[in-house]
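Values below: every heavy atom of this structure, side chains too, minus hydrogens, waters and symmetry copies. We name chains A, B, ... by the order of the sequence lines, and we start the count at 1 in each one.
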Amino acid sequence: MSSGITRPRVRFAPSPTGFLHVGGARTALFNWLYARKYDGDFLLRIEDTDRVRSTDESTRAIFEGLEWLGLKWDEQVVYQGSNLERHRADAQRLIANGSAYRDFTPQAEIERLRNDAESRGLTFRFDRRLADLTPQQEAEKLARGEPFAIRFKVPDGVTEWLDLVHERIAFPNKDIEDFVVLRSDATPVYNMAVVSDDIDMGITLVMRGDDHISNTPKQILLYRALGARLPQFAHVPMILGDDGKKLSKRHGATAVGDYQYKGLLPDAMLNFLALLGWSTGDDTEVMTLAQLVEKFDVEGLQKKAAVFDTKKLEWMNGQHLAMISLDALEPFMTPAFMKAGYATADELHARKDWYYGLLELLRVRARTTDDIVALAAHYFRDSVEYDLDAVGKQWRDVAATAAVLTATRDRLAIVAAWEPQVMEDALRKLAEELGISGGKIFQPLRVALTGLTVSPGIFDVLLYLGRERSLRRIDAAVAYLGQDSPA
RNA sequence: GGCGGUAUCGUCUAGGGGACUAGGACACAGCCCUCUCAAGGCUGGAACACGGGUUCGAAUCCCGUUACCGCUACCA
């Protein structure tokens, strides 16, 4: 580093044992924001050392989730499992420099002692003396090939650090037992693997969930024993469900993929997640990714766990839906319309002005892209389904409604131009002639055109439906009323 | 149990000794706009966990209590 200033390096290190959880996504986001803000590197490490629980499918889900969110990682993905040899070598170094020792105590024996202590209401802590052997004894066991675990020799004193979100945190070492770093089957334990990898990857800031706070003193001890420079630590709060418990499947959608398929915009998700445990310090809430990067700062990180509020997420999505450019929105909408069977991509692109105009009309009334698809149904389908409540409310007087609709139809048929203002002038004039309010025409007309009592402005509906289809729908409504009437 | 962490409206938060009759946002209610629905605007109800200190003065600092969360494995 010629400048002498270390380029920040952060990482996101999930275990591939499920989908990408929203909590994980937020941890990834904070790390990513930090890297982008301070011109550093954001690395991804898959912690797949738990062979039974780790799956390739889960690894793929993590990639997909991060890609959907747009959190691109720098450099190659690191798979913890492929660093096994280094983990072992580091554990051996600890023995060599006297900061760890071999423990030949059978696992079953330790379990027995632990259960014993716990049944008497005592706290079991591994006693170093249990592993105490004379050099000859140790040499003999070693020669015989007896299995042993490697335990870290926790020194006296206090282990403390200046956490970027919690300030000073201290643990008396007497409360930390001599933990295993390498199992008797020669596989590393979590803390060993993490520290070995973080050192190797040159991580300068470890930002992770605060459920790792109690791992931190052990890891700091390992850094020191390995003679490595200590990174900074920042422990961010957990995300809770609406019952205040740690967010889990019971709370509904907890995978970022769930939100992807619910019609959420990645930038809205990111914006919402960022505000869970972080704030700008002022009142800014709705932000683009670029603004998030600009505003991000560990100063704004919160200590308190945050409850995941789906309502606010939806509101946030509505805000982003309204501010995103149509060109940026289109890639989300076209596949959705195709999936709904409304149109092909070619058909949509062939009448781009109409398509974009429709999106503009609907997005302000929607909170998700799924909402837009639902709202768009009338403009793609040929038939209208009349909502019974709408019919009952707006077509109450059958004969009068049929008459008004017929008059409306005739007026629209001869309108000079199929433009909102022209149509509005014509229909308001008609209302005046009939001695009724505009609403008395617009509301029944809305039901005729959409089958519903709610829609965008009626003249926009007419415009986007087109002249031919609009007139056909009014005819159909009149026919429906005629057939329906008691006669 | 031990250790650690946290504590402002229902929820997300601003606040880092006087600017606080505690601000904003979501949600909720009402009003305005209006062809309906949204969006938008305005208004309203709604919080400093409790108890002690320190101080002329505490939401802000200290201690304790309580509650909640996490860890407590040869899981990650």
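- In this structure B/A59 sits in no base pair that meets the Watson-Crick or G-U test at under 3.5 Å.
- In this structure, the CZ atom of A/R125 is 17 Å from the P atom of B/C71, given to the nearest Å.
- Between the side chain of A/R125 and the backbone N or O of A/E177, no donor-acceptor pair lies under 3.5 Å.
- Nucleotide B/C68 forms a pair with B/G5, judged by Watson-Crick or G-U wobble geometry with both contacts under 3.5 Å.
- At most 12 non-hydrogen atoms from other residues, nucleotides or ligands lie less than 6.0 angstrom from CD of A/E385.
- Looking at the side chain of A/E47, the nearest of the listed nucleotides B/U36, B/A73, B/A76 is B/A76.
- Taking the charged nitrogens against the carboxylate oxygens, A/D243 and A/K245 have no contact shorter than 4.0 Å, which rules out a salt bridge.
- If you take NE2 of A/H251 and P of B/U11, they are 14 Å apart, rounded to a whole angstrom.
- Between B/C69 and B/C62, the distance separating the two C1' atoms is 24 Å to the nearest Å.
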Please list, for nucleotides 16-25 of chain B, all pairs of protein and nucleotide N/O atoms separated by less than 3.5 Å.
unit_1 : atom_1 : unit_2 : atom_2 : d
B/A25  : O4'    : A/E285 : OE1    : 3.0
B/A25  : O2'    : A/E285 : OE1    : 2.5
B/A25  : O2'    : A/K312 : NZ     : 3.3
B/A25  : N3     : A/K312 : NZ     : 3.2

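- Of the candidate nucleotides B/G10, B/U36, B/A38, B/A38 has the atom lying nearest to any side-chain atom of A/V364.
- We find that A/E57 and A/R60 are not joined by a salt bridge, their nearest charged nitrogen and carboxylate oxygen being 4.0 Å or further apart.
- When each of A/L427, A/L462, A/V422 is tested with A/V415 by the rule side chain to side chain contact (heavy atoms under 4.5 Å, CB included), just one qualifies, namely A/V422.
- Residues A/L264 and A/M316 form no side-chain contact, since every pair of their non-hydrogen atoms from C-beta on lies 4.5 Å or further apart.
- One P atom belongs to B/U60, the other to B/U54, and the distance between them is 15 Å to the nearest Å.
- Pair assignment for B/A73 gives none, since no Watson-Crick or G-U wobble pairing has each distance under 3.5 Å.
- Of the listed nucleotides (B/C68, B/C74, B/C35), B/C74 has the atom at the smallest distance from the side chain of A/S184.
- Within 6.0 Å of CD on A/Q291 lie more than 12 heavy atoms contributed by other residues, nucleotides or ligands.
- Per the geometry, CZ belonging to A/F308 stands 17 Å off C1' belonging to B/G10, to the nearest Å.
- Aromatic pair A/F296/A/W278: centroids less than 6.0 angstrom apart.
- Aromatic pair A/H212/A/Y190: centroids less than 6.0 angstrom apart.
- Protein atom CG of A/D178 is 16 Å distant from nucleotide atom P of B/U72, rounded to whole Å.
- A 3.5 Å limit on both hydrogen-bonding distances identifies B/G10 as the Watson-Crick or G-U partner of B/C26.
- The existence of a salt bridge linking A/E432 and A/R428 is excluded, since no basic side-chain nitrogen approaches an acidic carboxylate oxygen closer than 4.0 Å.
- Rounded to whole Å, the C1' atom of B/C26 lies 15 Å from the corresponding atom of B/A14.
- One interatomic measurement links the two molecules: CZ of A/R120 to C1' of B/G2, which rounds to 16 Å at whole-angstrom precision.
- For A/D211, counting side-chain heavy atoms from C-beta on, the closest listed nucleotide (B/C12, B/A76, B/G70) is B/G70.
- Listed candidates were B/C35, B/A73, B/U13. Nearest to the side chain of A/A306 is B/U13.
- The gap from the C1' atom of B/G17 to that of B/C61 amounts to 8 Å, rounded to the nearest Å.
- Electrostatic pairing of A/R112 and A/E109 counts as a salt bridge here, judged by a charged N lying under 4.0 Å from a carboxylate O.
- With ring centers used as reference points, A/F126 lies 6.0 Å or more from A/F179.
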Pairwise N/O distances under 3.5 Å, protein to nucleotides 43-45 of chain B:
none

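- Using N1 to N3 plus N6-O4 or O6-N4 for Watson-Crick, or N1-O2 and O6-N3 for G-U wobble, each under 3.5 Å, B/U54 pairs with nothing.
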Assign a letter to each nucleotide of nucleotides 3-9 of chain B from its 5' end: B, base within under 4.0 Å of a protein heavy atom; S, sugar-phosphate only; -, no contact. SSSSSS-

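- When rounded to the nearest whole Å, the span between CH2 of A/W278 and P of B/A14 equals 11 Å.
- Here, B/G40 and B/C56 have their C1' atoms 48 Å apart, quoted to the whole Å.
- Across all strands, A/R208 comes closer than 4.0 Å to no nucleic acid atom at all (heavy-atom distances).
- Within the shown strands, nothing qualifies as a pairing partner of B/C37 under the Watson-Crick or G-U definition with both distances less than 3.5 Å.
- Using atom P as the reference point in both B/C3 and B/G44, the two lie 49 Å apart (nearest Å).
- Remark: C1' of B/C26 and CD of A/Q319 are 10 Å apart, rounded to the nearest angstrom.
- Of the charged side-chain nitrogens involved, at least one lies within less than 4.0 Å of a carboxylate oxygen, so that A/D197 and A/R86 count as a salt-bridged pair.
- Each of B/U36, B/C74, B/G1 was ranked by its minimum atom distance to the side chain of A/T123; first place goes to B/G1.
- With no hydrogens or angles considered, no side-chain donor-acceptor pair links A/T368 and A/N317 at under 3.5 Å.
- Remark: P of B/G40 and CZ of A/R365 are 12 Å apart, rounded to the nearest angstrom.
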